[in-house]
Amino acid sequence: MRALDAWLKRLVDAPLFAFDTETTSLDAVSAELVGVSFAVQPGEAAYVPFGHNYINAPQQLTRELVLAKLSALLEDPTRQKVGQNLKYDHCVLAGYDIELRGIVFDTMLESYVLDSVANRHDMDTLALKYLGHKTITFEEIAGKGKSQLTFNQIDIDEAAQYAAEDADITLRLHHALWPKLKAEPMLRDLFAKIEIPLVPVLSRIERRGVNIDTKMLAQQSGELKNKIATLEKQIHAAAGGPFNIASPKQIQEVLYDRLKLPVLRKTPKGQPSTAENVLQELAVDYDLPQLILEHRALSKLKSTYTDKLPDMVNPKTGRVHTSYHQAVAATGRLSSADPNLQNIPVRTAEGRRIREAFVAEPGDVILSADYSQIELRIMAHLSQDPGLLQAFDEGADIHRATAAEVFGLPPKDVTDEQRRHAKAINFGLIYGMSAFGLARQLRIDRSAAQEYVNLYFARYPGVKHFMDETRARAHERGYVETIFGRRLYLPEINASNHARRQYAERTAINAPMQGTAADLIKIAMLMIDDWIREDKKALRMIMQVHDELVFEVPESELEQAGGAIAELMSGVAQLTVPLVVDVGSGANWAQAHA
DNA sequence: CATGTCACG
DNA sequence: ACGTACGTGACATGA
């Protein structure tokens, strides 16, 4: 108790301290606090245990007492904190009605903003990379596999070594990383004005969770099970015997060895491919591939979604809590995991039924707001191509406008086929298209695809110039950047290996557009979260899907909310083109999207 | 634990 | 003469 009071004083007096929580679970919503650690300067750290409950565990201060003593400090925005992945700690503390404020640095995000291409930003990796220090790993104190202990079961002295080291290393890492970041004004601003403020916003979204109708999903699982069983019988009959349809290896043996179907494409490892586009091609001439495709599609829906999502409902909250990863995607996007809520089906009617199970609470509705064609608009802004700017300025159907230009027709005379091809060209542009890739997508000759590309660049010379300029700068500097200065390094941009170099060149084209879109929606999330809290709205932001934000809104707030959200999203930045936002609402996510 | 496949933007 | 559209995460199989 005296020791805690002494540390409390040191923390209050420190200009900055490192903070870390130790808990029973990696899942922040279910996690129970076991202890907290602090560091005020390198080499001086403390661990405060209060939840170790193994047999013969020493007497500890109670959690209530420790949190009561610490809460004012943790909630004080003027007491500056640094941590490693503080979103987790913010979310855990929220479970004890403590709002962690004064988050000014996060070493995971410092590392990510400095180099988003590095694929790991966990503390063990960073400590080795920047400090040459091998940390005590969690496995070393907790064991691994089935017999792994949770933190409450770990000997307090060992736990203290581990936890205190975490806080200490976090502080040291910050001292190593921050000077690098501070020296780059654009990166520093991106970090301080976007990534750091986003931490509590993401924490709130995750903790709030999403309401799903588990009964509806169970019903769908049952229906899928029957359809899959029927297909399985048909497939085995057509194949002349039973085999495991979930095994690409066995499908390959049936199709190519037993039935001697032509091998149209191979996998990277040289095996004959049974991927969707290959089977679609084969389905023109044979029955079996089509049946396999239908079986695969339904199995995917069942195993990944209708069976799994209900298992992911947190028994305490009755809702599904994803985790948004802020330091994974090299382009600056978020990713979503456990469960991934950014890949819920939408493209087929069967798949869309799953979105019907994403429902609002009684009295509320789901509201969805998405940016229309945001990456193409960013391309228009970055390239300043007159034709593209004009099309967006006029609010034209962009794919139709592209087709009209490329095929030399008035927009009203563009056929569905021509519009589909123009749409593929537009996607291709965003992806750093090659004629080969476009040809494969549209199943046309490479020469015909090349002709499309030539026609496009003749009509939109500003886009051509932008692409060339982007590539050239990437070669010169070794990185590309977004409008907000987010940087993506391209270590292979000058590689002697052609394939690797061209891959880097495509990334160079794509990253500024995908990354700027990511920056923009992050800013929108900050502004919307501010608005919700300032105006004390009852609505909640519950999901982000790259260019879409989803909300759960009381019916009484709906009318005003839609307009306000659309305006905030459109207004995040003044580009040369308008940022158009489409808003929809309904009882579930499927309806809100329509 | 790598591989192939497929869900999303 | 290369080998190919950008970014993710999850599942089942099979060594």
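Side chains included, hydrogens not; waters and symmetry mates left out as well; all remaining heavy atoms used. A note on names: the letters A, B, ... follow the listed sequences, proteins ahead of strands, and every chain is numbered from 1. Note that this is a predicted model, so its numbers are computed, not measured.
Looking at heavy-atom distances under 4.0 Å, A/L438 makes contact with a base. Using a 4.0 Å heavy-atom cutoff across all strands shown, A/G432 reaches no nucleic acid atom at all. Note on A/N497: nothing from the nucleic acid sits closer than 4.0 angstrom, heavy atoms only. A/A424 comes within contact range of at least one nucleobase, with a heavy-atom separation under 4.0 Å.
Following rounding to the nearest Å, A/Y431 (OH) and C/dA5 (C1') show an atom-to-atom distance of 8 Å. Going from atom NZ of A/K266 over to atom P of B/dT5 covers 14 Å, rounded to whole Å. Put simply, NZ on A/K249 is 14 Å from P on B/dT5, counting in whole angstrom units. Atom-to-atom, CG of A/N244 to P of C/dT13 comes out at 5 Å; the value is rounded to the nearest Å. In this entry the distance linking CZ of A/R471 with P of C/dA5 reads 16 Å, nearest Å. Residue A/E375 contributes atom CD, which lies 17 Å from atom P of B/dC8 at whole-angstrom precision. Nucleotide B/dC6 holds its C1' atom 13 Å from the CD1 atom of A/I344, rounded to whole Å. Rounded to an integer number of Å, the gap from A/H546 NE2 to C/dG7 C1' is 8 Å.
Looking at heavy atoms from C-beta onward, A/Q544 lies in side-chain contact with A/Q342 at the 4.5 angstrom threshold. Using a 4.5 Å heavy-atom cutoff, the side chains of A/H465 and A/D385 are not in contact. Residues A/N426 and A/Y456 have side chains in contact (heavy-atom distance under 4.5 Å, counting atoms from C-beta outward). When side chains are defined from C-beta on, A/P345 counts as touching A/L301, because their heavy atoms get closer than 4.5 Å.
The aromatic ring centres of A/Y452 and A/F407 sit less than 6.0 Å apart.
For A/T267 and B/dG4, the shortest distance from a side-chain N or O to OP1 or OP2 is below 4.0 Å. At C/dG14, one or more side-chain N or O atoms of A/Q250 fall inside 4.0 Å of OP1 or OP2 (strictly under the cut-off). For the OP1/OP2 pair of B/dT5 and a distance below 4.0 Å, the side-chain nitrogens and oxygens of A/T274 include at least one atom meeting the criterion. Distances shorter than 4.0 Å separate none of the side-chain N or O atoms of A/N343 from OP1 or OP2 on B/dC6. Using a 4.0 Å cut-off, no side-chain N or O of A/Y503 falls inside it from OP1 or OP2 of C/dC2. Contact annotation: A/R333 side-chain N/O to C/dG7 OP1/OP2 distance is not under 4.0 Å. Checking the phosphate oxygens (OP1, OP2) of B/dA7, no side-chain nitrogen or oxygen of A/R347 falls inside 4.0 Å. The phosphate of C/dG14 (OP1 or OP2) has a side-chain N or O of A/S247 nearer than 4.0 angstrom. Residue A/K269 places at least one side-chain N or O under 4.0 Å from the OP1 or OP2 atom of B/dT3. Distances shorter than 4.0 Å separate none of the side-chain N or O atoms of A/T331 from OP1 or OP2 on C/dC6.
The side chain of A/T304 lies closest to C/dC11, out of C/dG7, B/dA7, C/dC11. Relative to the side chain of A/A337, the nucleotides C/dG9, C/dA5, B/dC6 differ in distance, and C/dG9 lies closest. Side-chain proximity of A/V328 to C/dG9, B/dT5, C/dG3: nearest is C/dG9. In the set B/dG4, C/dT4, B/dC8, B/dG4 carries the atom at the smallest distance from any side-chain atom of A/P268. Taking only side-chain atoms of A/T507, from C-beta outward, the nucleotide of B/dG9, B/dA7, C/dG7 with the closest atom is C/dG7. The side chain of A/H498 lies closest to C/dA1, out of C/dC11, C/dG3, C/dA1. With distances taken from any side-chain atom of A/K300 to the nucleotides C/dT13, C/dT4, B/dT5, the minimum falls on B/dT5.
Straight-line distance between the P atoms of B/dT3 and C/dT4: roughly 15 Å, to the nearest whole Å. B/dA7 and C/dC2: their P atoms are spaced 33 Å apart (whole Å).
The side-chain hydrogen bond (donor to acceptor under 3.5 Å, both in side chains) search around A/E350 returns A/K227, not counting sequence neighbours.
Considering all non-hydrogen atoms of both residues, A/F466 and A/S383 come closest at CB-CB, 3.6 Å.
In terms of polar N and O atoms assigned as donor or acceptor, the side chain of A/S335 never comes within less than 3.5 Å of the base of C/dT8 in a complementary pairing. Applying the 3.5 Å distance criterion, the base of C/dG3 shares no donor-acceptor pair with the side chain of A/R500.
Both A/F436 and A/Q514 lie close to DNA chain C; mapped to their nearest nucleotides by heavy-atom distance, the more 5′-ward contact belongs to A/F436.
At least one test fails for A/R446 against the ring of A/F436: distance under 6.0 Å to the centre or angle within 45° of the axis.
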